[in-house]
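Notes follow the structure.
Convention: sequence-line order gives letters A, B, ...; per-chain numbering from 1. Both backbone and side-chain heavy atoms feed into the values below; hydrogens, waters and symmetry mates do not.
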Amino acid sequence: MHELAVEGSAVQHLLDQRAPLVRAGGGELGTKDQLVVGHASTLRNGRPAAQAPGRADPNDSPASRRGPYAVASVSDDQRSAAAGSLDEQRRIRADKVAALRTAGVDPYPDRFERSATSSALQTRFASLEPGSETGVEARVAGRVMLRRNMGKLIFLTIQDLDGTLQLFVSKADLGEDRFAAVAEVDLGDWVGAVGEVITTRKGELSVKVAELRLLAKALRPLPDKWRGLSDTDTRYRQRYVDLIVNEEARQTFRVRHQAVRSLRHQLDEEGFVEVETPVLQLEAGGATARPFVTHHNALDQEMFLRIALELHLKRLVVGGIERVYEIGRVFRNEGISTRHNPEFTMVEVYWALANYDDMIGLTERMICRAAADATGGYVVAHPDRPGETIDLTPPWPRRRIVELIAERTGETVSVHDPVEQLHAVCDRLGVAYEDWWGSGKLVYAIFDKKVEDTLGHDRPMFAFEYPAEVSPLAKPSPADPENTDRFELFIGGKELANGYSELNDPVRQRAMFEMEVAAAEHGDDEAARTVDEDYLRALEFGLPPTGGLGVGIDRLAMLLAGQPSIREVILFPTLRPEQPDSDEGDEGDEG
RNA sequence: GGGCCGCUAGCUCAUCGGGUAGAGCAGGGGACUUUUAAUCCCAAGGUGCCGGGUUCGAGCCCCGGGCGGCCUACCA
């Protein structure tokens with residue numbers, strides 16, 4: 001059994017190195033049926049098996065990597081994995097692959113012509129009597145999720161892109177050999193079936209299989225068919241498995257997709273142009289946050305991943321793209337929590353000739369439409385308060401931040417108060433501050449710490465009139481240059497959107513940049529460390545009066561999908577490495 | 001980053017006043033021509049996250065580490 005001294009092809013050699021599972025044994029199956037003919041040295045082409053398991057897969061446990069199959073030259077007795085273990089289950093499935101190949105059946109065939117999806121059939125044949133035969137032939141395909149083996153009958157439940165469907169397999173229909181082949185199908189395999197649409201005696205819509213084809217063999221077992229997969233870590237790391245077994249996960253990402261699509265439709269209908277701007281930037285501006293730093297080799301240039309979309313989009317408004325938006329990933333090198341992922345998605349919108357008031361209206365239109373399209377209504381579950389709901393029906397209230405501070409804390413404050421007076425207020429309220437903060441930053445700190453999380457629990461709330469000191473890119477209010485025409489939207493105590501009339505005076509903008517640089521020198525490591533000269537040059541060509549808006553897509557998705565954690569709405573959230581491997585060792589344990 | 005909690009079979013979970021572990025599903029063998037998480041019978045399946053320590057003896061107690069969750073701190 002072990003004359004694995006293989007034929008000389010390089011691909012074959014590679015396969016032997018990479019896919020020991022495919023070779024493993026076959027002896028145990030020897031008593032079973034015609035499938036077992038020999039081992040896989042009869043492989044006809046290398047390509048499918050090159051994606052063989054057990055390699056390049058960081059999810060393998062140390063045990064399985066060290067396990068007997070990881071070594072090319074193990075003997076048979078070394079190879080006996082514990083019965084029922086993962087290794088054993090994978091080996092049995094790999095043996096089936098080998099046996100199929102030997103029998104001339106490709107376990108990873110090329111394509112399958114599907115005539116109907118599960119939900120299409122469920123819809124079309126919604127009201128058939130039990131025991132019906134339709135005379136309609138269907139070609140269906142999906143992943144085997146359940147199998148009920150009944151002697152001379154087999155029921156398979158397959159799952160495809162939009163639902164599930166039962167396959168009815170009868171030995172009388174298929175004959176001994178082909179029925180036996182169906183019995184070899186494992187949970188998790190992809191199959192295609194051809195047959196008549198029927199209902200069973202119990203009334204279950206089914207395809208009565210005349211032909212069943214394995215479309216892709218699964219080598220790993222699925223999680224518990226009833227309890228599914230609940231370990232959050234595994235769900236995030238192996239999202240593919242999560243999506244296979246958890247309908248809620250699929251639903252969450254459908255909602256997210258609908259919401260994004262809806263935003264795009266709304267903006268497109270209002271004449272906005274979608275663009276893409278650089279992720280790699282020489283200076284990361286447009287927000288206060290620490291950036292990721294990287295390096296371009298050919299240019300020998302330090303670069304930053306963007307922290308916002310703002311500055312490039314406004315350059316485009318200067319360029320005459322008067323209504324412009326981007327839905328894009330931004331990166332902030334800060335903490336990770338249920339509300340923060342290092343990379344997240346924002347939509348930013350810029351609208352020439354409009355102001356912050358127009359942007360408030362646009363925000364309402366966009367989010368209401370997204371809610372309606374993604375959830376079918378305006379009432380959503382409160383993300384943090386079980387049983388409570390938030391009513392998104394517009395219009396939403398708008399309040400000045402100083403009014404909200406007075407209402408929630410009893411303190412009357414203004415950006416014109418002397419800092420000493422505001423320090424006293426902060427002390428009374430227990431709000432921390434730095435010596436070098438001005439009145440604007442102090443007022444904002446009070447709002448941030450004491451007011452924000454109280455907003456938007458019944459219905460969304462716009463807060464407006466933010467201090468200029470914390471709004472370096474916003475236009476000063478005509479009546480009071482210490483404040484700006486800026487708003488933020490709060491829903492469920494969380495900031496969901498931020499917008500303003502854009503600062504388009506290049507002289508004031510330069511002054512604001514220089515203030516930020518000074519703040520950075522004071523030790524504010526989130527402030528911009530450089531003046532973006534190119535952006536100022538653009539402003540000197542003339543930015544028209546412009547309204548701007550940013551909406552956090554992930555938070556919107558959390559709201560609409562009713563998910564309390566941002567990791568539930570990001571397919572592959574940022575996680576620590578699965579196995580810090582001391583052998584690789586080029587990254588120390590400190591960053 | 002701080003506090004609390006968790007990590008046991010592929011999955012979901014048990015167990016005990018410290019005496020080297022059980023179940024369901026999945027997997028293996030068998031029965032079954034209308035199942036629906038099919039059912040029934042049989043036999044298997046474990047470095048108890050990792051590393052130390054205490055102890056005659058540690059999955060359990062202690063220390064260190066890893067990963068995750070929740071709360072908290074920051075931005076969105």
Side-chain angles (χ1 to χ4, degrees), chain A residues 28-29 31-32 59 61-64 66-67 81-93 130-131 145-157 164 166-173 179 186-188 198-206 208 219-237 241 245 287-290 307-308 330 332-346 348 432 448-449 452 488-490 494-498 525-526 550-556 558 564-567 575-580 582 589:
Chain A
E28 291 84 345
L29 283 175
T31 56
K32 282 193 63 182
N59 298 328
S61 70
S64 69
R66 269 189 244 113
S85 70
L86 176 60
D87 273 351
E88 158 96 349
Q89 294 194 41
R90 290 176 64 205
R91 202 215 72 224
I92 288 168
R93 289 166 178 239
M145 299 302 289
L146 295 170
R147 189 186 62 198
R148 294 174 290 281
N149 211 315
M150 290 275 309
K152 297 193 175 69
L153 293 179
I154 298 172
F155 298 89
L156 299 174
T157 301
T164 61
Q166 178 168 278
L167 303 182
F168 176 96
V169 186
S170 163
K171 195 176 204 169
D173 294 338
F179 187 79
D186 288 301
L187 299 187
I198 63 162
T199 54
T200 61
R201 284 177 202 168
K202 295 279 171 60
E204 178 84 12
L205 187 72
S206 308
K208 189 180 184 196
L219 294 177
R220 289 175 184 265
L222 291 175
D224 189 292
K225 69 185 179 189
W226 184 241
R227 314 287 291 265
L229 178 67
S230 59
D231 180 74
T232 51
D233 189 40
T234 310
R235 287 184 46 237
Y236 299 153
R237 290 187 195 279
V241 179
V245 301
T288 52
R290 275 173 291 178
I307 58 173
V330 299
R332 298 190 182 177
N333 204 340
E334 296 180 346
I336 296 182
S337 76
T338 49
R339 273 158 243 107
H340 303 85
N341 197 62
E343 51 180 308
F344 62 101
T345 305
M346 291 193 60
E348 288 198 24
D448 191 35
K449 303 291 181 214
E452 279 193 9
E488 290 185 327
L489 171 67
F490 296 91
K494 291 171 194 154
E495 181 188 339
L496 213 75
N498 177 22
D525 54 6
E526 290 186 342
V551 179
I553 298 286
D554 310 276
R555 296 228 175 132
L556 178 62
M558 287 166 68
S565 169
I566 198 168
R567 292 180 170 189
L575 300 171
R576 283 196 163 79
E578 195 162 5
Q579 287 175 346
S582 50
D589 40 7

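When heavy atoms are screened at a 4.0 angstrom cut-off, A:I154 is found touching no nucleic acid atom at all. As judged by a 4.0 angstrom heavy-atom cut-off over every strand, A:G151 is placed among the base-contacting residues. Nucleic acid contact for A:G228: sugar-phosphate only, since backbone atoms but no base atoms lie under 4.0 Å from a heavy atom of the residue. A:N333 comes within 4.0 angstrom of no nucleic acid atom, judged by non-hydrogen atoms across all strands. Within the nucleic acid shown, A:N498 has no heavy atom closer than 4.0 Å to any nucleic acid atom. Note on A:R147: only backbone sugar-phosphate atoms sit closer than 4.0 angstrom, heavy atoms only; bases stay farther off. Base engagement by A:F168 is indicated by at least one non-hydrogen atom pair under 4.0 Å involving a base atom. Within the 4.0 angstrom heavy-atom criterion, no nucleotide atom of any strand lies near A:R235. Note on A:A497: nothing from the nucleic acid sits closer than 4.0 angstrom, heavy atoms only. Residue contacts shown for A:T200 include a base, since a base heavy atom lies under 4.0 Å away.
Checking the phosphate oxygens (OP1, OP2) of B:U12, no side-chain nitrogen or oxygen of A:R227 falls inside 4.0 Å. Side-chain N/O atoms of A:K225 include one lying less than 4.0 angstrom from OP1 or OP2 on B:A38. In this structure, A:R237 reaches the B:G68 phosphate: one of its side-chain N or O atoms is under 4.0 Å from OP1 or OP2. Under 4.0 angstrom from either OP1 or OP2 of B:A26 there lies no side-chain N or O belonging to A:R220. Phosphate contact (OP1/OP2 of B:G10, side-chain N/O of A:S85, threshold under 4.0 Å): absent. Distances shown here put every side-chain N or O of A:T232 at or beyond 4.0 Å from the OP1 or OP2 atom of B:G6.
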Residue pair A:L496, A:F490: steps toward the side chain to side chain contact (heavy atoms under 4.5 Å, CB included) verdict: CA-CA 6 Å; A:L496 213 75; A:F490 296 91; over 6 Å; no
Verdict with supporting geometry, A:R220 and A:Q89, side chain to side chain contact (heavy atoms under 4.5 Å, CB included): CA-CA 7 Å; A:R220 289 175 184 265; A:Q89 294 194 41; over 6 Å; no
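Closest to the A:P221 side chain, of the nucleotides B:G68, B:C70, B:G10, is B:G10. Taking only side-chain atoms of A:W226, from C-beta outward, the nucleotide of B:A37, B:G10, B:C71 with the closest atom is B:A37. Listed nucleotides: B:A38, B:U34, B:U12. Nearest to the side chain of A:L146: B:A38. Of all nucleotides listed (B:C32, B:U33, B:C70), B:U33 comes nearest to the side chain of A:K152. Residue A:S337 places its side chain closer to B:A73 than to any other of B:A73, B:G10, B:A37. Relative to the side chain of A:R148, the nucleotides B:A73, B:A38, B:G27 differ in distance, and B:A38 lies closest. Here the nucleotide nearest the side chain of A:Q166, chosen from B:C13, B:U36, B:C67, is B:U36.
Of the possible donor and acceptor atoms, none in the side chain of A:D554 sits under 3.5 Å from a partner among the backbone N and O of A:I566. Formation of a donor-acceptor pair under 3.5 Å by the A:S206 side chain with backbone atoms of A:K208 is not found in this model.
Checking A:E204 against A:P223, the closest nucleotide of RNA chain B that is more toward the 5' end is the one next to A:P223. The residue among A:E488 and A:T234 whose nearest nucleotide of RNA chain B is located toward the 5' end is A:T234.
On a pure distance criterion of 3.5 Å, a polar donor-acceptor pair joins the side chain of A:D224 and the base of B:G24.
The distance from atom CG of A:L187 to atom P of B:G10 is 17 Å, rounded to the nearest whole Å. Rounded to whole angstrom, the span from the CG atom of A:N341 across to the P atom of B:G68 amounts to 12 Å. When the P atom of B:A44 is taken as reference, atom CD of A:Q89 falls 17 Å away, rounded to whole Å. Counting to the nearest Å, the C1' atom of B:G10 and the CG atom of A:D231 are 13 Å from each other. Atom pair A:D233:CG and B:C5:C1' shows a separation of 15 Å (rounding to whole Å applied). Note: CG (A:N149) to C1' (B:C40) measures 14 Å, nearest angstrom.
Taking 4.0 Å as the cut-off between side-chain N and carboxylate O, A:D233 and A:R237 count as a salt-bridged pair.
Under the side chain to side chain donor-acceptor pair (under 3.5 Å) rule, A:T157 has a single partner from A:R148, A:R147, A:Q166, which is A:R148.
Base pairing analysis places B:A14 opposite nothing; no Watson-Crick or G-U wobble pair with both distances below 3.5 Å involves it. A 3.5 Å limit on both hydrogen-bonding distances identifies no Watson-Crick or G-U partner for B:A37. With a cut-off of 3.5 Å on both pairing distances, the Watson-Crick or G-U wobble partner of B:C67 is B:G6.
Taking atom C1' on both nucleotides, B:U15 is separated from B:G24 by 15 Å, rounded to a whole Å. Here the separation of B:G65 from B:G29, taken at their P atoms, is 47 Å to the nearest Å.
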